[in-house]
Novice: 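I'd like to ask some things about the structure below.
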Amino acid sequence: MTDTIYALSSGAPPAAIAVIRISGPAAGEALSSLTGRSFEPRRTALARLRDGAGATLDEALVLWLPGPDNATGEDTAELHCHGGRAVVAAVTSALSEMEGLRPAEPGEFTRRAFANGRLDLAEAEGLGDLLTAETELQRRAAMDFAGGGFSRQIGAWNEQVLRLSAEVESALDFSDEDDVPEPDAEFRRRVAALRSELDTWLERPAAEKLREGYRVALAGPPNAGKSTLFNALIEREAAIVSDIAGTTRDVIEAPVALGGVPFTFVDTAGLRCETDDVIERIGIDRADAELARADCVLWLGEEGGGPDSAVEISPFADLAGKGKADGLSVSAITGQGIGELKAILIERARQALPKPGEAALNARQRTHLVAAAEALGRAAGKADWILLGEELRTVRAAFDRLLGRASTEDMLDTLFARFCIGK
Ligand SMILES: Nc1nc2c(ncn2[C@@H]2O[C@H](COP(=O)(O)OP(=O)(O)OP(=O)(O)O)[C@@H](O)[C@H]2O)c(=O)[nH]1
Ligand SMILES: [Mg+2]
């Protein structure tokens with residue numbers, strides 16, 4: 001018998017409304033002991049909530065959603081209460097006193113939905129991303145996964161593999177043992193075509209990039225105006241600016257969305273060879289590491305002195321004769337060139353990040369898709385039907401793992417812990 005769980009599923013109080021969800025076998029009983037009455041399924045009703053002693057807790061809109069045809073697949077009740085802290089505390093405290101009820105763990109409602117087959121793992125991952133999405137690009141990518149777009153794609157691939165497997169079986173069944181014809185060119189072509197389709201998906205930018213943002217590091221010698229430009233780009237005074245060379249010591253990061261695209265801007269210590277300052281030296285080492293890690297470097301130093309694909313910036317555009325000949329003229333003080341720089345960065349980021357409408361895979365999904373693609377690659381080269389059938393089974397097993405049909409408890413723990421309580 002599973003526990004019945006409850007949690008505040010709406011945002012932190014105070015708010016206009018607080019939605020408390022109850023899910024599990026005792027949800028119906030909990031609802032009737034709170035309200036003293038029964039409810040028609042899937043109809044909202046106004047009801048007075050009372051504690052065990054009969055004292056009124058709140059007047060709430062109540063929804064009774066009996067399982068299995070609902071979000072979690074279990075009996076569920078929703079209480080739409082007044083969104084005050086004390087109201088939420090009083091109602092949850094009344095629930096805590098009921099037999100068989102306990103507060104939900106993070107993501108536990110979704111985990112139950114997964115356990116009851118209401119959604120698969122790719123959809124659950126998409127849902128997790130949707131809840132943390134902060135930019136338009138993130139929202140659209142997550143929606144596709146949460147809505148089952150990727151799961152349907154895997155289903156279609158799996159269909160193709162099943163058809164291939166069926167042909168393998170019939171080749172084995174209906175041939176004399178000594179006289180089995182080898183797979184023909186058409187069969188091999190279909191295996192190869194599916195493999196190259198998986199490869200196209202694997203070549204796309206990784207989904208993690210969408211979460212972390214396009215990483216832009218500002219680099220150059222001390223006093224080049226890096227921190228000033230950094231502040232201008234993120235539109236707040238996060239980094240200390242001064243005319244003392246070597247002001248910035250540590251790496252400063254700031255996430256920000258430009259044109260709906262997620263960015264992480266990184267300010268670094270000015271690069272110079274001669275310094276006796278131990279701390280500045282560490283800062284310079286960290287700056288070097290950032291240059292290697294960044295997706296894009298804004299180079300404020302001498303022309304050609306930065307990494308290969310760096311964007312050359314000519315700072316101090318407001319001071320005559322101070323900028324360099326080549327590079328984008330920018331003044332963080334007057335704002336000259338900042339709009340143009342942002343446009344360049346947005347364009348570069350769009351190229352490097354997953355495209356809208358094009359599903360991006362996370363590391364877990366890539367691992368299984370790589371396993372499927374490799375098995376297809378091996379299958380394409382096999383002349384022996386038995387070995388071929390074995391490889392196709394490996395492909396199907398990889399698809400099953402993608403959808404979570406063969407996932408371990410550890411893996412599920414990690415995934416659902418990412419969710420908030422109440423989801
Ligand atoms: N006039 C003008 N002054 C600027 C501009 N950008 C930066 N400055 C000034 O140049 C000085 C150095 O700027 P910072 O942004 O601290 O330079 P930095 O590259 O971060 O220097 P370190 O952290 O020491 O490596 C400060 O006094 C800024 O006010 C600019 O575009 N125009
Ligand atoms: Mg600085």
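Order of appearance sets the numbers: ligands from 1, and atoms from 1 within every ligand. Remember, it's a predicted structure, so these values are computed and weren't measured experimentally.
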Novice: Using the six-membered ring wherever Trp is involved, compare the ring planes of Phe416 and Phe114 and label them parallel, tilted or perpendicular (cut-offs 30° and 60°).
Specialist: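 Tilted: the ring planes of Phe416 and Phe114 meet at 30° to 60°.
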Novice: Does the side chain of Val330 come within less than 4.5 Å of Ile338's, by heavy atoms?
Specialist: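 With C-beta onward as the side chain, the pair touches.
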Novice: Can you confirm whether Arg293 sits close enough to Arg215 that some side-chain heavy atom of one is under 4.5 Å from a side-chain heavy atom of the other?
Specialist: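 Of all side-chain heavy-atom pairs linking Arg215 with Arg293, at least one is under 4.5 Å.
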Novice: Indicate whether any N or O donor in one side chain lies under 3.5 Å from an N or O acceptor in the other, for Gln153 and Trp201.
Specialist: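 No pair is found: no donor N or O on one side chain lies under 3.5 Å from an acceptor on the other.
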Novice: In plain terms, say whether Arg364 and Glu125 are close enough for a salt bridge, that is, a side-chain N and a carboxylate O under 4.0 Å apart.
Specialist: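 So Arg364 pairs with Glu125 through a salt bridge.
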Novice: Distance-only, no hydrogens or angles: does the Glu208 side chain make a donor-acceptor pair with backbone N or O of Ala363 under 3.5 Å?
Specialist: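 Yes, the answer is positive, given that a donor and an acceptor are paired below the 3.5 Å cut-off.
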Novice: Do Asp318 and Thr334 have side-chain atoms, one donor and one acceptor, less than 3.5 Å apart?
Specialist: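 No, Thr334 and Asp318 have no side-chain donor paired with an acceptor closer than 3.5 Å.
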Novice: Would you please say whether a donor-acceptor pair under 3.5 Å links the side chains of Arg396 and Ser165?
Specialist: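 Checked: Arg396/Ser165 side chains pair up, N/O donor to acceptor below 3.5 Å.
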Novice: Are Glu123 and Arg118 ion-paired here, with the side-chain N under 4.0 Å from a carboxylate O?
Specialist: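 No.
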Novice: Among the protein atoms near the Mg ion (ligand 2), how many are N, O or S and lie under 2.8 Å away?
Specialist: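 Excluding waters, the total comes to 2.
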Novice: Can you tell me which residues line ligand 1 if we count any heavy atom under 4.0 angstrom from one of its atoms, in chain and number order?
Specialist: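 Contacts of ligand 1 under 4.0 Å: Pro222, Asn223, Ala224, Gly225, Lys226, Ser227, Thr228, Val241, Ser242, Asp243, Ile244, Ala245, Gly246, Thr247, Thr248, Gly270, Phe316, Asp318, Leu319, Ser331, Ala332, Ile333.
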